[in-house]
Protein chains: 2
Amino acid sequence: MRRLDSPSLHIFTADETVFHRIREMGTLGDAHWHAKRLTNPVELDNLPVGSLVMIDSAHAQRPDWNDTRWRAWAGHLSIIVLSSEPRDDEGILAMDSGASGYCNAYANEATLRQVVEVVASGELWVGRSLLTRLLRGVSQNLGKSAAPTSDAWRKALTEREVEVATMAAQGASNLGIAEVLGITERTVKAHLTSIFEKLDIADRLQLALRVHGVK
Amino acid sequence: MRRLDSPSLHIFTADETVFHRIREMGTLGDAHWHAKRLTNPVELDNLPVGSLVMIDSAHAQRPDWNDTRWRAWAGHLSIIVLSSEPRDDEGILAMDSGASGYCNAYANEATLRQVVEVVASGELWVGRSLLTRLLRGVSQNLGKSAAPTSDAWRKALTEREVEVATMAAQGASNLGIAEVLGITERTVKAHLTSIFEKLDIADRLQLALRVHGVK
DNA sequence: ACCCTACCTGTACCTGGGTACGATGCGCCG
DNA sequence: CGGCGCATCGTACCCAGGTACAGGTAGGGT
């Protein structure tokens, strides 16, 4: 981890109470972050890599769960989706869209702080309810041949390369990736060349197959 | 809720390194617990309600995952299963047996502390790899039961086009497909153009994603 | 001090993929 | 019969993707 963690926490919500609670929270205790309000989804595009972002699922401007922008954001941001009425199915959608966390917007202070810390450290966070449900779902199907779903490619790559790889595997163009990451198309190509070499593959289609567990 | 955390953390492992690391960890920083070594599984029965316990999955005496004792322990203890070689399937078994957490025994200090805190606060913890796998399993099942996206593309295409599409989606080159099917590369291109138009996509990467159920 | 890695960029070049604008033959159906 | 979908093929063209060669900076480790 060479990149300095951004001390700022960006919040996209229309709920005053939620915003203020999170902001206060950042000024207390050992956690110390800097809450910034976002008013428009496009602002997410230009946030520095690795930024921590909270998105209120109830916000009217929140992009649909299968909006392609989620992929891009997930590539370079750590996203926590807040829901004032958490439901398991919504949680699955959110996590599927690339969020790193899904929790109750009105969770108690300690929990919220914990979520932030977990996500900031690169892990994922979902609540007890959702997680048990996920486990139940899988253990029922355990009898079937469980696909390996190798995540190995991730470990072979650097942080930046993982970002580029995931976006490319989603079908993003080099230029598109470059714009989202705020770098040159040339650099994207460089990353991809390195990725191809490390994974011993020839092109982005093979990469997509690898990333998505085919082949 | 500010329930007093039990200050003692019980550890059931045969690995000296693991035990000592955890113990040291408890004496540093803001986390402060008291590591106690367990040598026999029966000791788990008599621990006070709510105790935090770490169990090394590699321990020879560790009860089998479907041992009924797990249920009993899970009822009054918070269990974290440590694995020196974490695997998703083992994680599922452990969590299914009632564990509240599953993580790498050699995870870095910050992560281990985080796991302890999360579990101590009544939540569950699993690593990124396992959680993404769980999510994938569920979202795929959702897709199958709700929206039959998997087979839709087939029905939109002719027999020949399906042949070409499946090969292209596997990463085959136009020339390669041509040779296998005994036709010209030009014809392959023609088929692909038709495929792209019918499926309303732009290139073979999008095709691959469609064919393999992503997007 | 030196090396290594991660990350970033420039210029130049080649090629495969995809499109545009054609063509031919075959079977089916109103 | 004429039209239409399907499968096949030709030539020419454009360009995104990928490679080759050549760098620069910053941080961490020896």
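What you see is a predicted model; the values in this text were computed from it and never measured. FYI, side chains are in, hydrogens and waters are out, and symmetry mates aren't considered; it's all heavy atoms of this structure.
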Colleague: Tell me, please, which residues at least two apart from B/R87 pass salt bridge (Lys or Arg N to Asp or Glu O under 4.0 Å).
Modeller: B/D89
Colleague: Show the atom names and distances, to 0.1 Å, of all donor-acceptor pairs under 3.5 Å that link a side chain in residues 183-197 of chain B to residues at least two apart or in another chain.
Modeller:
{"unit_1": "B/T193", "atom_1": "OG1", "unit_2": "B/K189", "atom_2": "O", "d": "2.9"}
{"unit_1": "B/S194", "atom_1": "OG", "unit_2": "B/E161", "atom_2": "OE2", "d": "2.6"}

Colleague: Hey, does the Lys NZ or Arg CZ of B/R37 hover above the aromatic six-ring of B/F12, less than 6.0 Å from the centre and inside 45° of the axis?
Modeller: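 No, a cation-pi geometry is absent between B/R37 and B/F12.
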Colleague: If the sugar-phosphate is the primed atoms plus P, OP1 and OP2 and the base is the rest, what is the B/S/- string for nucleotides 3-17 of chain D, using protein heavy atoms under 4.0 Å?
Modeller: ---SSBBBB-----B
Colleague: Rounding to a whole Å, what distance do you find between A/L205:CG and C/dG16:C1'?
Modeller: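 From A/L205 CG to C/dG16 C1': 13 Å.
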Colleague: Apply side-chain contact (heavy atoms from CB on, under 4.5 Å) to A/A74 and list each qualifying residue two or more places apart in sequence or on a separate chain.
Modeller: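 Applying side-chain contact (heavy atoms from CB on, under 4.5 Å) to A/A74 gives none.
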Colleague: Report the end-to-end axis angle of the helix from C/dA1-D/dT30 to C/dG30-D/dC1; each axis comes from five terminal pairs, and the value is rounded to 10°.
Modeller: 30°
Colleague: Just to verify, what does A/W125 make a side-chain hydrogen bond (donor to acceptor under 3.5 Å, both in side chains) with, not counting sequence neighbours?
Modeller: none
Colleague: Can you give the donor-acceptor pairs under 3.5 Å from side chains of residues 52-62 of chain A to other protein atoms, not counting sequence neighbours?
Modeller:
{"unit_1": "A/D56", "atom_1": "OD1", "unit_2": "A/A58", "atom_2": "N", "d": "2.8"}
{"unit_1": "A/D56", "atom_1": "OD2", "unit_2": "A/T13", "atom_2": "OG1", "d": "2.7"}
{"unit_1": "A/S57", "atom_1": "OG", "unit_2": "A/L82", "atom_2": "O", "d": "3.3"}
{"unit_1": "A/S57", "atom_1": "OG", "unit_2": "A/E90", "atom_2": "OE2", "d": "3.3"}
{"unit_1": "A/H59", "atom_1": "ND1", "unit_2": "A/Q61", "atom_2": "N", "d": "2.9"}
{"unit_1": "A/R62", "atom_1": "NE", "unit_2": "A/S57", "atom_2": "O", "d": "2.7"}
{"unit_1": "A/R62", "atom_1": "NH2", "unit_2": "A/S57", "atom_2": "O", "d": "3.4"}

Colleague: Mind checking side-chain hydrogen bond (donor to acceptor under 3.5 Å, both in side chains) for A/E85 and listing every partner two or more places apart, or none if nothing turns up?
Modeller: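 Checked A/E85 against side-chain hydrogen bond (donor to acceptor under 3.5 Å, both in side chains); zero matches.
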Colleague: Does A/T193 place a side-chain N or O at less than 4.0 Å from the phosphate oxygens OP1/OP2 of D/dG18?
Modeller: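 Checking A/T193 against D/dG18: no side-chain N or O falls below 4.0 Å of OP1 or OP2.
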Colleague: For B/E159, which residues count as a salt bridge (Lys or Arg N to Asp or Glu O under 4.0 Å) partner, sequence neighbours excluded?
Modeller: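 Applying salt bridge (Lys or Arg N to Asp or Glu O under 4.0 Å) to B/E159 gives none.
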